[in-house]
Amino acid sequence: CFWPRWIMPNLLQEIGKFVPTTWVIEGATKAIYGASVTGVSLEIGVLILFAVVFFLLGSWKRVDIAA
């Protein structure tokens, strides 16, 4: 979020694809430049997927993990 992705090495750019803020910034950039909701649907879908995964990880109890 603090600097453009293109100045980072390729390895860090690939790792950045697994961070939700990357998808928020890409979606916001598209929306600022006039993309419709359907144009930002990929970013919205990835963010929903992140939310589902984090919700499932957060809903586990210690008993479920230790068993």
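The first residue of the sequence shown is numbered 1, and numbering continues consecutively from there.
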Drop me the distance from [X]'s [atom1] to [Y]'s [atom2], to the nearest 0.5 angstrom.
X: I25; Y: I32; atom1: CD1; atom2: CD1; value: 8.5 Å
X: I15; Y: N10; atom1: CD1; atom2: CG; value: 11.0 Å
X: T21; Y: F50; atom1: OG1; atom2: CZ; value: 8.5 Å
X: W23; Y: F18; atom1: CH2; atom2: CZ; value: 9.0 Å

* To do: Might you work through the side-chain contact (heavy atoms from CB on, under 4.5 Å) test for K17 and R5, ending with a clear yes or no?
  => CA-CA 10 Å; K17 292 180 182 176; R5 289 183 62 213; 3.8 Å; yes
* Could you name each residue pair satisfying side-chain hydrogen bond (donor to acceptor under 3.5 Å, both in side chains) that touches residues 37-54, not counting sequence neighbours? => K30-E43, S36-T38
Honestly curious: do [X] and [Y] fall in one hydrophobic cluster under the side-chain, below-4.5 Å linking rule?
X: V24; Y: F2; answer: no
X: V46; Y: F54; answer: yes
X: L57; Y: V52; answer: no
X: I44; Y: L49; answer: no

* Structure fact -> Closest heavy-atom pair, V40 versus A35, reported as atoms and distance to 0.1 Å, is CG2-CB, 4.0 Å
